2 protein chains.
Amino acid sequence: MAEQAIPTPGTADRDAGAVRARSPRSATSGARRPATIYDVAQAAGVSHQTVSRYLKGFEGIRPETRAKVERALTDLEYRPNLTARSLTTGRSRRIGALTHDIDKYGPSKILGSASAAARDAGYVLDVVALDTGDMDSIAQALSMIAEHDVEAILALSSTDEMTKAFAQIDFRVPALIATEPDEPARVASQFATVGMPALVGHLASLGHRRILHLAGPSQWSAARNRTRALENAATEQGLAVVRTIEGDWSAQSGHAAVSGLAALEATAIVSANDQMALGAILALSERGLSVPDDVSVTGIDDIPDAAFYLPPLTTLRMDLTGRGRAAVRELIGRIDGSEAHEPRAVQSELIVRRSTGPAPR
Amino acid sequence: MAEQAIPTPGTADRDAGAVRARSPRSATSGARRPATIYDVAQAAGVSHQTVSRYLKGFEGIRPETRAKVERALTDLEYRPNLTARSLTTGRSRRIGALTHDIDKYGPSKILGSASAAARDAGYVLDVVALDTGDMDSIAQALSMIAEHDVEAILALSSTDEMTKAFAQIDFRVPALIATEPDEPARVASQFATVGMPALVGHLASLGHRRILHLAGPSQWSAARNRTRALENAATEQGLAVVRTIEGDWSAQSGHAAVSGLAALEATAIVSANDQMALGAILALSERGLSVPDDVSVTGIDDIPDAAFYLPPLTTLRMDLTGRGRAAVRELIGRIDGSEAHEPRAVQSELIVRRSTGPAPR
DNA sequence: AGGTCCGGTGTTACCGGCAACATCGGGCGA
DNA sequence: TCGCCCGATGTTGCCGGTAACACCGGACCT
């Protein structure tokens with residue numbers, strides 16, 4: 001408290017007034033630490049707070065002060081340290097993402113679009129992969145994510161365990177499952193009211209009346225939604241789902257399902273995704289049945305490969321990209337407090353290709 | 001400095017000795033902040049440093065002190081704050097991951113295994129998706145990642161731009177491209193010396209002599225390695241690569257390449273990945289050619305779907321899972337200073353299915 | 001018996017930002 | 001002309017940990 005700092009610039013020994021002594025940092029030294037606002041402040045001959053104010057875009061800074069700060073910032077190649085900032089602000093600009101089956105088309109597509117949306121908003125996704133879907137590993141992954149101080153939590157796959165975990169854990173931050181939640185009967189999604197009926201109508205118009213359904217794993221809400229939508233649409237249009245076989249989304253499971261059948265009691269196979277449809281087509285061909293002459297096959301998703309199956313697959317295109325983006329936007333909206341719950345619409349569109357044809361008589 | 005803190009537990013006014021005054025935290029209040037080591041210390045009647053020591057597994061703590069700390073930790077549901085920790089230690093337990101085409105099989109598979117390996121080592125992957133591969137967006141993404149104080153940087157796709165960016169940017173942290181780097185002729189990878197020769201040998205034994213090559217995009221080092229390995233193996237075994245067409249890894253591009261051909265001058269098509277092979281098979285069928293009776297087709301990767309193509313695809317299985325894991329392990333090794341440069345072997349294995357057969361006479 | 005060492009803990013400083021408050025000089029009104 | 005207000009900037013404290021050092025009492029040594 002002896003003497004006050006003299007604000008005259010250019011004073012030779014002004015370093016003595018520095019609040020914190022720091023080891024000098026020679027510009028020539030090779031592996032120097034990144035510059036902090038204190039380094040910048042010292043170089044510019046101002047206080048660190050002036051630098052901080054400049055960085056936050058504070059207007060009331062005198063032009064010459066501003067110029068000195070700008071110069072020092074570029075000279076020292078200053079980069080903000082998000083860790084330090086988030087310690088005080090609590091804003092880490094990170095969103096935790098949790099998923100298994102990340103190498104599958106759906107989750108990876110959603111992850112890609114979610115990550116892009118996050119990036120555009122200045123956020124980064126902290127991804128933790130799950131090997132198994134059980135509660136223990138989910139809880140463990142969530143606690144890992146929580147330690148990283150994320151501002152929101154996103155799940156990319158919506159199994160029952162995931163849903164349960166999200167329901168019973170208090171995250172203290174916004175949390176969301178990116179894939180479709182269970183759709184109660186009263187919720188009229190575009191998929192259930194337009195997409196699936198269009199697919200079923202397409203089959204009906206070709207004369208099909210009996211459908212074999214290859215369902216996704218029943219612990220996935222997406223699988224349940226698809227099955228329910230199919231059953232509803234079939235009932236309404238007078239078609240019968242004569243049999244439902246549960247697969248695991250893989251071509252392998254679609255193949256096994258159709259191969260294991262004693263008799264094919266249907267003229268059309270509606271698969272809950274494209275890849276099980278691929279397996280089904282192979283199995284049909286191995287049974288000596290032709291697609292679409294003997295049996296029509298449809299998928300859901302319209303993955304890029306589906307247009308190049310043999311035959312190219314009639315399918316329901318789902319807007320996965322939109323879903324990942326919408327999920328991230330909603331989370332960021334909730335973080336910022338703007339409770340803009342835009343009802344992310346699940347868009348779907350019927351894509352007719354050569355895997356469907358007139359029902360055999 | 002008036003009086004020393006009396007270490008007697010149970011003293012009524014011991015709060016007065018607290019180093020930092022904190023707003024009291026009622027256990028009943030709903031949205032209370034997470035407990036810190038100071039809260040735990042106060043509850044246990046010890047100093048925060050004792051708590052910190054306990055958390056680090058320091059041995060020399062008296063059993064009764066230890067018990068008090070443990071009790072307070074569980075009572076308050078203490079969770080460490082990684083942000084605060086990493087501010088001092090510089091260890092964020094985060095690895096930055098950079099990728100485009102995250103929805104493609106290769107990158108997403110590698111990402112999944114990398115993320116699992118990271119998780120097992122206590123790390124989280126900070127993923128930033130790239131829309132385009134140009135230097136600007138790479139640089140921007142890298143600077144985003146850098147602000148998040150990652151301990152290492154991983155790229156999941158190895159285009160030329162990525163390679164260049166990695167070569168010219170000083171990351172200050174270990175950095176690695178997870179996919180294959182360019183393999184100089186002298187580097188004898190298992191893929192180049194065993195895998196690809198086995199594939200070519202398989203075709204040779206079936207009587208094929210003229211090969212059409214569907215290459216990957218030439219700015220990908222993986223594509224160049226595959227093309228070079230094919231050319232070398234073909235030369236050694238007396239086969240001719242009569243034509244090379246560059247695709248973009250997609251079935252679409254494989255289809256376009258074969259459709260656009262005036263005449264097929266070869267009896268076998270070697271595609272740089274499975275999906276281009278899928279497109280090629282469809283194009284062949286549209287030309288009235290049968291696989292494998294008229295033309296044999298092979299892929300590389302052995303994606304799960306490849307076994308269910310029509311016909312099931314003969315391909316070279318690549319160990320993508322191992323690659324992601326190996327990359328993360330090497331990075332963590334470098335972080336920890338243990339310079340264990342285990343030469344991550346690119347394992348490959350010939351999988352013969354029904355898309356290859358005897359060459360037509 | 002006094003000094004020394006040492007195990008067990010407490011205290012202080014620091015990481016790099018942000019927020020609140022303090023300070024200083026000049027313009028302006030009374 | 002003096003006090004007040006205000007704009008520009010400096011100072012201090014804090015976020016939640018870790019690291020270095022200080023301190024205290026008892027065992028051991030001479």
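Nothing here was measured: the structure is a model prediction, and the numbers come from that model. Every chain is numbered from 1, with letters handed out A, B, ... down the list of sequences.
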May I have the distance from R66(A) (atom CZ) to dG7(D) (atom C1'), rounded to whole angstrom?
-> 14 Å
Can you tell me the distance, in whole Å, between the CZ atom of R93(B) and the C1' atom of dT18(D)?
-> 15 Å
Which whole-number value in Å describes the distance from E64(B) CD to dG8(C) C1'?
-> 11 Å
Residues A178(B) and L156(B): closest non-hydrogen pair is CB-CD2, 4.2 Å
Sidechain N-carboxylate O distance under 4.0 Å for R334(A), E330(A) | yes
Axial bend angle, the helix from dA1(C)-dT30(D) to dA30(C)-dT1(D): five-pair end segments, nearest 10° = 70°
Can a side chain N or O of Y78(A) be found less than 4.0 Å away from OP1 or OP2 on dG17(C)?
-> yes
Which residue lies more 5' along DNA chain C, comparing L82(A) with T50(B) via nearest heavy atoms = T50(B)
Please determine if a side-chain N or O atom of S47(B) lies less than 4.0 Å away from the OP1 or OP2 oxygen of dG10(C).
-> yes
Hey, is the main chain of R85(B) close enough, under 3.5 Å, to the side chain of T89(B) for a donor-acceptor pair?
-> yes
If you look at every strand shown and take non-hydrogen atoms under 4.0 Å, does I61(B) touch a base, only sugar-phosphate, or nothing?
-> sugar-phosphate
Is the backbone N or O of T132(A) less than 3.5 Å from a side-chain atom of S137(A), with the two atoms forming a donor-acceptor pair by type?
-> yes
To the nearest 0.5 Å, what is the distance between CG (L87(A)) and OG (S92(A))?
-> 11.5 Å
If only side-chain N and O atoms of R85(B) are considered, is one of them under 4.0 Å from the OP1 or OP2 phosphate oxygen of dT18(D)?
-> yes
Any donor-acceptor pair under 3.5 Å from D336(B) side chain to G333(B) backbone | no
Pull out every protein N or O sitting under 3.5 Å from an N or O of nucleotides 19-22 of chain C, one pair per line with the distance.
{"from": "dA19(C)", "atom 1": "OP2", "to": "K56(A)", "atom 2": "NZ", "distance (Å)": "2.8"}
{"from": "dA19(C)", "atom 1": "N7", "to": "Q49(A)", "atom 2": "NE2", "distance (Å)": "3.3"}
{"from": "dA19(C)", "atom 1": "N6", "to": "Q49(A)", "atom 2": "NE2", "distance (Å)": "2.6"}

Which donor-acceptor pairs under 3.5 Å do the side chains of residues 120-128 of chain B make with protein atoms, sequence neighbours left out?
{"from": "Y123(B)", "atom 1": "OH", "to": "R91(B)", "atom 2": "NH2", "distance (Å)": "2.7"}
{"from": "Y123(B)", "atom 1": "OH", "to": "E151(B)", "atom 2": "OE1", "distance (Å)": "3.3"}

OP1 or OP2 of dC15(D) less than 4.0 angstrom from a side-chain nitrogen or oxygen of T83(B), does that happen here?
-> no
Step by step, work out the side chain to side chain contact (heavy atoms under 4.5 Å, CB included) result for V69(B) and R66(B).
-> CA-CA 5 Å; V69(B) 171; R66(B) 176 176 295 269; 5.9 Å; no
NE2 of H148(A) versus P of dG17(D): gap in Å, rounded?
-> 14 Å
Would you confirm whether R94(A), through its side chain, and H148(A), through its main-chain N or O, come within 3.5 Å as a donor-acceptor pair?
-> yes
Separation of R91(A) atom CZ from dG16(C) atom C1', in whole Å?
-> 19 Å
Any salt bridge between D75(A) and R71(A), counting N to O under 4.0 Å?
-> yes
With respect to the side chain of R62(A), which nucleotide from dC14(D), dA8(D), dC15(C) is positioned closest?
-> dA8(D)
Send over the distance from N81(B) CG to dG16(D) C1', rounded to a whole Å.
-> 6 Å
Separation of dG16(C) P from D39(A) CG (nearest whole Å) = 8 Å
Would one find a side-chain N or O of S86(B) under 4.0 angstrom from OP1 or OP2 of dG17(D)?
-> no
Calculate the interatomic distance between Y54(A) atom OH and dG17(C) atom P; express it in whole Å.
-> 15 Å
